[in-house]
K.L.:
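Mind looking over this structure? Questions follow.
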Amino acid sequence: MTKRPTPTSVTVLGRGVRAAALTGVLAADNVVTVWGDESAVVETHSVRRAESMETAVERAALVVVCVDDYAAATRVLHRAEQYLRSRDVVNLTSGTSAQAKQLAGWVGERGARYLDGALMAHPEHVGKPETVLVYSGSADAFADHRPVLEQLGSTTYLGTDPGTAALYDVAMLSFAWATLLGYLHTAALLRSAEVRAVAVAPLLNHWLSTTVTSVITDYAHQIDEGKYPGDEEWLELDAPLMDHLVEAAEDRGISTELPRLIRSITRRGIEDGRGADSFASLIESIVSSRPAAS
């Protein structure tokens with residue numbers, strides 16, 4: 001028989017579908033108080049609506065903030081300022097590292113412990129064991145509330161710098177958007193030949209899991225070591241294939257923006273003398289701000 005976690009008094013200061021999803025999951029094992037200007041949460045035996053900021057924050061062992069942006073998060077916490085001492089604040093609002101550090105400093109000055117977090121999924125994924133959430137900031141706050149945070153999904157602590165989680169957030173979004181945009185371009189190319197997206201999806205997923213993931217692991221070692229051996233693939237070998245991709249897109253009448261971007265960064269790497277290096281070496285061209293022609 002699985003042992004249920006000890007209930008914690010949690011207050012969610014937020015609005016929107018993300019805050020509602022957090023509330024729903026946390027209410028399964030905790031007593032949750034909600035506060036928000038437009039909260040549509042229905043009160044139950046484990047979810048109650050606060051009539052004031054004072055009652056919302058002072059009854060909480062953990063305060064979870066999830067609003068539209070850091071400007072809104074700052075406004076909410078400023079309203080709670082006089083009640084924050086000795087509280088623990090977890091901010092799951094998306095923003096930048098600089099914003100997280102600034103808000104963490106302000107919260108710390110009010111005598112509260114601060115954790116910045118990032119939910120790397122859509123609201124419907126909250127509460128699933130595989131859902132990725134990352135946190136940075138107060139190590140003690142993370143340790144004390146880890147059982148509650150783990151109810152939201154897979155939990156990773158990234159260190160005491162409160163800006164690290166926000167940096168992971170945008171970095172992983174960069175990966176997601178670039179990857180998914182690549183998929184959409186793939187689907188567009190194949191749709192031009194009347195190939196249905198559902199027909200190719202199993203092949204792509206198999207390729208990702210059996211080949212691309214191992215390439216990412218290999219590239220990670222190359223990047224950290226600063227060595228990019230072109231033993232099996234190198235930029236001058238890849239470049240003609242990129243020409244083919246641009247031509248195929250032109251022939252099929254679809255956008256060439258993405259293939260031209262890939263080709264331009266690759267050409268810059270070759271111009272910088274890395275033609276015999278692996279594709280991973282393009283990180284050095286990405287770090288550089290010098291543009292290259294497409």
Side-chain angles (χ1 to χ4, degrees), residues 4-95 99-119 123 126-127 133 135-153 155 162 165-166:
R4 292 178 66 84
T6 302
T8 297
S9 176
V10 182
T11 286
V12 177
L13 305 179
R15 55 180 293 181
V17 292
R18 288 166 64 92
L22 295 169
T23 298
V25 170
L26 291 171
D29 293 306
N30 306 283
V31 177
V32 180
T33 300
V34 295
W35 184 94
D37 293 334
E38 299 177 8
S39 176
V41 176
V42 177
E43 290 190 79
T44 66
H45 71 284
S46 59
V47 178
R48 52 193 178 184
R49 189 192 310 278
E51 296 183 0
S52 69
M53 182 64 78
E54 180 180 6
T55 58
V57 176
E58 288 199 331
R59 67 175 45 158
L62 177 65
V63 177
V64 177
V65 181
C66 184
V67 288
D68 295 337
D69 52 35
Y70 264 78
T74 300
R75 288 194 298 271
V76 167
L77 289 173
H78 273 252
R79 292 185 64 172
E81 180 177 3
Q82 60 184 307
Y83 316 116
L84 288 178
R85 180 165 295 280
S86 300
R87 294 292 176 268
D88 292 330
V89 176
V90 175
N91 185 15
L92 289 172
T93 303
S94 295
Q99 290 172 322
K101 290 181 180 181
Q102 182 177 14
L103 189 56
W106 185 88
V107 170
E109 290 170 356
R110 273 70 191 168
R113 300 188 299 187
Y114 180 90
L115 271 175
D116 204 78
L119 168 62
V126 176
L133 293 99
Y135 300 90
S136 61
S138 171
D140 290 338
F142 178 80
D144 289 346
H145 298 291
R146 183 165 190 162
V148 175
L149 299 177
E150 287 180 338
Q151 294 167 24
L152 303 176
T155 300

K.L.:
For residues L133 and L149, determine if any side-chain heavy atom of one lies less than 4.5 Å from a side-chain heavy atom of the other.
P.N.:
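No - every pair of side-chain heavy atoms lies 4.5 Å or more apart.
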K.L.:
Under 3.5 Å, is there a donor-acceptor pair linking the side chains of T33 and R48?
P.N.:
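R48 and T33 do have a side-chain donor-acceptor pair below 3.5 Å.
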K.L.:
For the NZ atom of K101 and the OG atom of S136, what is their distance to the nearest 0.5 Å?
P.N.:
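K101 atom NZ to S136 atom OG measures 9.5 Å (nearest 0.5 Å).
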K.L.:
Just verifying a value: how many Å separate R18 CZ and L119 CG, rounded to the nearest 0.5 Å?
P.N.:
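So the gap between those two atoms works out to 4.5 Å.
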K.L.:
Looking at L84 and L77, what are the two nearest heavy atoms and their distance?
P.N.:
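Closest pair (atom of L84, atom of L77, distance): CD1-O, 4.0 Å.
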K.L.:
A side-chain contact here means heavy atoms from C-beta on lying under 4.5 Å apart; do L13 and V67 qualify?
P.N.:
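Of all side-chain heavy-atom pairs linking V67 with L13, none is under 4.5 Å.
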K.L.:
Using every non-hydrogen atom in the two residues, find where A73 and V65 come nearest and quote the distance to one decimal.
P.N.:
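Result for this residue pair: CB-CG1, 4.1 Å.
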K.L.:
May I ask you to test the Q151-N30 pair for a side-chain heavy-atom distance under 4.5 Å?
P.N.:
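Yes, close enough: below the 4.5 Å cut-off.
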K.L.:
Just wondering, do V148 and V10 contact through their side chains at under 4.5 Å, heavy atoms?
P.N.:
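A side-chain contact under 4.5 Å exists here.
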K.L.:
Run the side-chain hydrogen bond (donor to acceptor under 3.5 Å, both in side chains) check on S138 and D140 step by step: do they pass?
P.N.:
CA-CA 5 Å; S138 171; D140 290 338; 5.3 Å; no
K.L.:
If you measure from CE on M53 to CZ on R79, what distance do you get to the nearest 0.5 Å?
P.N.:
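The CE atom of M53 sits 5.5 Å away from the CZ atom of R79.
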K.L.:
Is there side-chain contact between L103 and Q99, with heavy atoms separated by less than 4.5 Å?
P.N.:
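Counting from C-beta outward, L103 and Q99 never come under 4.5 Å.
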K.L.:
How many angstroms lie between OH in Y114 and CD in E109, if you round to the nearest 0.5 Å?
P.N.:
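One gets 13.5 Å once the value is rounded to the nearest 0.5 Å.
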K.L.:
Any ring pair (Phe, Tyr, Trp, His ring centres under 6.0 Å) involving residues 47-74? Give me the pairs, sequence neighbours left out, ordered by first then second residue.
P.N.:
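Of all non-adjacent pairs touching residues 47-74, none passes ring pair (Phe, Tyr, Trp, His ring centres under 6.0 Å).
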K.L.:
Near Q102 CD, under 6.0 Å, is it more than 12 heavy atoms from other residues, nucleotides or ligands?
P.N.:
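No, the 6.0 Å shell around CD holds no more than 12 heavy atoms from other groups.
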K.L.:
What distance do T11 atom OG1 and R87 atom CZ have between them, rounded to the nearest 0.5 Å?
P.N.:
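Between atom OG1 of T11 and atom CZ of R87 there are 9.0 Å.
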K.L.:
Using side chain to side chain contact (heavy atoms under 4.5 Å, CB included), reason through V34 and V47 one step at a time and then give a plain yes or no.
P.N.:
CA-CA 7 Å; V34 295; V47 178; 4.2 Å; yes
K.L.:
Please report the shortest heavy-atom distance between P147 and D144, naming the atom on each side.
P.N.:
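Of all heavy-atom pairs spanning P147 and D144, the closest is CD-O, 4.0 Å.
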K.L.:
Do V90 and D116 come close enough that some side-chain heavy atom pair is under 4.5 Å?
P.N.:
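Counting from C-beta outward, V90 and D116 never come under 4.5 Å.
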K.L.:
Scan residues 71-91 for pairs that pass ring pair (Phe, Tyr, Trp, His ring centres under 6.0 Å), counting only residues two or more places apart or in two chains.
P.N.:
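Every pair satisfying ring pair (Phe, Tyr, Trp, His ring centres under 6.0 Å) with a residue in residues 71-91: H78-W106.
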K.L.:
Between L115 and H145, is there a side-chain heavy-atom distance shorter than 4.5 Å?
P.N.:
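When only atoms from C-beta onward are counted, L115 and H145 do not touch, as no gap falls below 4.5 Å.
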K.L.:
For the residue pair P123 and A21, what are the closest heavy atoms and their distance?
P.N.:
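Minimum heavy-atom separation between P123 and A21: O-CB, 3.5 Å.
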